[in-house]
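Small disclaimer: the values here were computed from a predicted structure and weren't measured.
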Amino acid sequence: MWVPKTIILFNLIKIKKQNFLKSRPFTYSAAVAATTTTSSSEDDEDRRFDSYKAVDLLYSLRNEPNTALSFFRHLTNQGFHHDVSTYAAIIKILCIWNDNFALVSMFSDIIARNTVVIDDLWQSITEEEQNYPTPSSVRVAHDALIKSYANAGMLVEAYNALFLTSRRGCVPDVWTCNYLMNKLICDGKVDMSLTLYRQLESRGFQPDMYTHSIVLKAYFKKGCVQDAVTYFESLVTPPDAFCRSTVIEGLCTNQESGMGFQILQIWREKNFPILIYAYTVVIRGFCNEKRFDMADKVILDMEEQGILPDEDCCSAFINGYCKVGTLEALIKVLDFQDYMLSKGLEPNLKSFSCILQCMSRLGMYRDVVNKFNEFKSQGRVIDEVLYNIGIGALCNIGKVDEALVIFDDMKVKELKLDVMHYTTLMNGYCLHGEVLKARELLEEMEKIGVEPDTVTYNILARGYSISGQTSEVHRILKCMKERGLKPDEVHNTIIEGLCVGGRVNDAEQFLVELEEKSLDNYAALINGYCEKNRFEDAYKLFDWLAKKGKLVKKRSYYDLFKNLLRIGDNDKAREMFKHVLRSDTECPTMMYRELILAFCRHRDMKMARDCFDDLLLRGIPDVYIYTIMIDGYCKKNCFQEAYRLFEDMKTKNIYPDVVTYTVLLHGYPTDGNKEKYDDICKEMRELGVSTDLKYYTVLIDKLCRTHNVDEAIRLFNLMIESGLEADVVTYTILTFGCKIMGDEEKTKSFLDEMVSKGMGDARTSSILEHAINKRCQYEEQRRSLPAAG
């Protein structure tokens, strides 16, 4: 425990008094006694620099904490091994000066190095309590020790350390208690956090409002909503805005966003303090619950109250909709973006990335590239994630060279290129058959120390497989084995890639040669067969596996099932369906839907009804399947069966939508009971079913066919008043109806209106009029024929 004593050390600390040992105001006999000095001989003792002298020097610098700390660190750098006494000395000095940052650093170093026993160190720190240090000084050390344990992830040790000062009658600092309780919750130790709070409460701990927020957070994290509400109602001190936001957030994270929104509105009416963050969590909650209409209402409510959404609020709305990934959701997001811009707000980088990712998932790669370039031209900051989206979009539209330009732009800007960026660009090269360039990228990333992952090798293996370079494929597998990466997914990619490249026999041979074959490997071959339209081979392999009690993953068998229905091989599709039903998987509603749709399409309503009745036994069908059946019966002129199903679905609380009503009204017999037809229309209006263009077009067509043209025109005008725009189909039907009734003026009026709205020119109008004349002649001839006996 020593280093050579040198003049440099004493010059470093600039000792101003030669008698510093005599002027020492306190004694530390206990601390000195705790240290030991190793000495090989009496003659060398004057050359030894030991813990005794280090402690004395440190205490002499108690009024110069920075110099003391520099001296302590200098000793460490010189190889001096600190013991309990030297650590205790520097910690006491830092406590006097309330240097929390240095204390946390010191304790963190002790914990990481495990240089001394913490219990021994703490005993040394708290000795001679009547003189030095004061209880408040001990508390500073105590707070730093707990925080150091918590930062190191040693939460149990931090929990135990929290009560070290109880022997001295000191209550732990409220900030320290809050810090530890919050850390425990974040680490998933919610029960321990609540237990800690109860123990502190029993020792006279005085919580602040942040403590209350943490306790509420813990209850909500456990899903104990009622306990959280009871605790909140028991608070004596009026809750602040942060505490109220914690309640609203807790309700939203427990799928109670509706209640959270109601409480927010009530508190706002009572003029309680509300953070805008409360609106953010409600929007996020509704989006997570897929209640997007309510998320819209929150934005509208904020606008009515004159509350401008902030960046986080807008991000919650945008990100929630983007997760849906549909075109309708994207349109909503883009409309909201326009609303933000009108308010002087712009989506932040994360939200903009979400929008572009959503567009990419929808295959709108050119739009992604345009928006990326527009964003970049505005001088906006672009991070690594956004760059990767741009690279991927360019690759997908075949502009790999441009993708390489922005890839190199990242290098110029010294942005961090990781495996994600390299893999995306490699994928672009492989998509367009440039596997050699992809390989060069792999070599480049390895040179700069970027480790390829399974996805990287997977993409490269697919590129080599499609191009038929089987030797390179095996080299990829060898590289993965050397790096300790599992090639399971890559095996599947190779099998599918060989099939896509037209080397089905090689794919079959590759599967045969695999030492350990998984079900996913067979699924990959089924996918490969389907890629090459070899559905017979795919079915045989599926059937062989199914008879052994093995069912491949859903994506594989469902794709094969749909392809069999597409080519009209309903028998094999039914056999597949039976295999799936015999398995332990959940009820395959999607397969029922496809099978029923196929039978209805072929007018085989008996088989469709058998499947439908079987589904009724397993679980109530949804509105979509009922609509398919109703449409099938209507097209086979079995309206009574269709209407019975229509009534049946309502008794099962499955409410018809606009498509169901449209199908039923379209299939209504022209010679049917008009009152019943009107009743269906009236029922639809009373239920508040929103109508669309197709619905109106079907009704107008029905009225024209039954020569109720005036009623058709009235309905057409009603449609226009509702804000819907007629298309060329609607105009054609209405024009035909006027023509067949001999109303030339209205016929010409509708034709001219079509042309004026850009639905064709004069030539188009002439051709359409000619077609209508032909159709009218046909209708007159048909009516003139004698009725069949």
Side-chain angles (χ1 to χ4, degrees), residues 150 153-156 158-160 162 174 176-202 205 207-268 272-298 301 312-313 315-317 319-324 586:
M154 301 171 70
L155 298 178
V156 175
Y159 181 96
N160 294 330
L162 192 68
V174 65
T176 305
C177 297
N178 290 344
Y179 183 81
L180 181 55
M181 286 170 62
N182 201 44
K183 274 280 189 179
L184 288 166
I185 293 171
C186 293
D187 198 52
K189 296 178 173 62
V190 182
D191 288 327
M192 186 181 287
S193 180
L194 288 170
T195 301
L196 173 60
Y197 174 70
R198 295 186 192 104
Q199 288 181 342
L200 289 168
E201 202 174 27
S202 67
F205 173 67
D208 61 8
M209 196 51 65
Y210 185 53
T211 315
H212 295 312
S213 297
I214 293 169
V215 174
L216 287 166
K217 179 181 174 181
Y219 279 127
F220 282 120
K221 195 93 171 177
K222 284 185 67 177
C224 302
V225 176
Q226 189 55 54
D227 290 340
V229 172
T230 303
Y231 182 85
F232 180 79
E233 291 174 345
S234 70
L235 296 180
V236 177
T237 308
D240 62 7
F242 182 80
C243 190
R244 293 183 187 279
S245 295
T246 303
V247 173
I248 294 170
E249 184 174 19
L251 290 169
C252 293
T253 53
N254 280 275
Q255 307 294 305
E256 295 287 354
S257 302
M259 186 188 297
F261 187 36
Q262 288 176 4
I263 290 174
L264 187 153
Q265 291 174 310
I266 292 169
W267 285 345
R268 187 182 63 205
F272 288 143
I274 302 290
L275 296 175
I276 197 167
Y277 177 72
Y279 290 94
T280 302
V281 297
V282 170
I283 291 170
R284 187 185 301 132
F286 280 131
C287 289
N288 290 337
E289 294 172 26
K290 311 298 182 190
R291 298 172 64 187
F292 296 103
D293 57 328
M294 291 303 298
D296 295 344
K297 286 183 180 178
V298 178
D301 180 69
D312 292 334
C313 213
S315 295
F317 188 88
N319 300 348
Y321 266 97
C322 284
K323 285 178 184 177
V324 180
E586 60 184 19

Hey, are the side chains of F220 and E249 touching, using non-hydrogen atoms and a 4.5 Å cut-off? no

Which residue pairs pass the salt bridge (Lys or Arg N to Asp or Glu O under 4.0 Å) test with at least one member in residues 252-268, sequence neighbours excluded? R268-D301

Which pairs pass salt bridge (Lys or Arg N to Asp or Glu O under 4.0 Å) with one or both residues in residues 181-195, sequence neighbours excluded? D187-K189, D191-K222

Give, for atom OH of Y159 and atom CE of M181, the distance between the pair rounded to the nearest 0.5 Å. 10.5 Å

Nearest heavy-atom approach of C287 to A316 is SG-O, 4.1 Å

To the nearest 0.5 Å, what is the distance between SG (C243) and CG (L216)? 5.0 Å

Could you check I248 against Y279 for side chain to side chain contact (heavy atoms under 4.5 Å, CB included), going step by step and ending with a plain yes or no? CA-CA 9 Å; I248 294 170; Y279 290 94; over 6 Å; no

Non-hydrogen side-chain atoms of H212 and S234 separated by less than 4.5 Å: no

I want to check something: taking the side chain as every heavy atom from C-beta on, are C177 and L196 in contact at a cut-off of under 4.5 Å? no

Distance check, rounded to the nearest 0.5 Å: L155 atom CG versus I185 atom CD1? 11.5 Å

Going by atom types only, do N254 and Y219 share a side-chain donor-acceptor pair under 3.5 Å? no

Please state whether the rings of F261 and F286 are parallel, tilted or perpendicular, taking 30° and 60° as the class boundaries. perpendicular

For L275 and R244: C-alpha separation, side-chain torsions, deciding distance, then whether side chain to side chain contact (heavy atoms under 4.5 Å, CB included) applies. CA-CA 8 Å; L275 296 175; R244 293 183 187 279; over 6 Å; no

Do the non-hydrogen side-chain atoms of F232 and L235 ever get within less than 4.5 Å of each other? yes

State, with a plain yes or no, whether a side-chain heavy atom of N319 is found less than 4.5 Å away from one of R284. no

S315-D312 side chain donor-acceptor pair, cut-off 3.5 Å: no

So which atom in G320 and which in F292 form the shortest heavy-atom distance, rounded to 0.1 Å? O-CE2, 3.6 Å

Do the rings of F242 and Y210 sit parallel, tilted or perpendicular, given the 30° and 60° boundaries? tilted

N288 side, atom CG; I283 side, atom CD1 - distance, nearest 0.5 Å: 12.0 Å

Can you tell me how the ring of Y197 sits relative to the ring of Y231, calling it parallel under 30°, perpendicular over 60° and tilted otherwise? perpendicular

Just verifying a value: how many Å separate R291 CZ and S257 OG, rounded to the nearest 0.5 Å? 7.0 Å

Nearest-0.5 Å distance, OG of residue S213 to CG of residue N182: 10.0 Å

I need the minimum non-hydrogen distance between A150 and L180, along with the two atoms involved. CB-CD1, 4.5 Å

Heavy-atom closest pair (C186 atom, K217 atom, distance to 0.1 Å) is SG-NZ, 4.1 Å

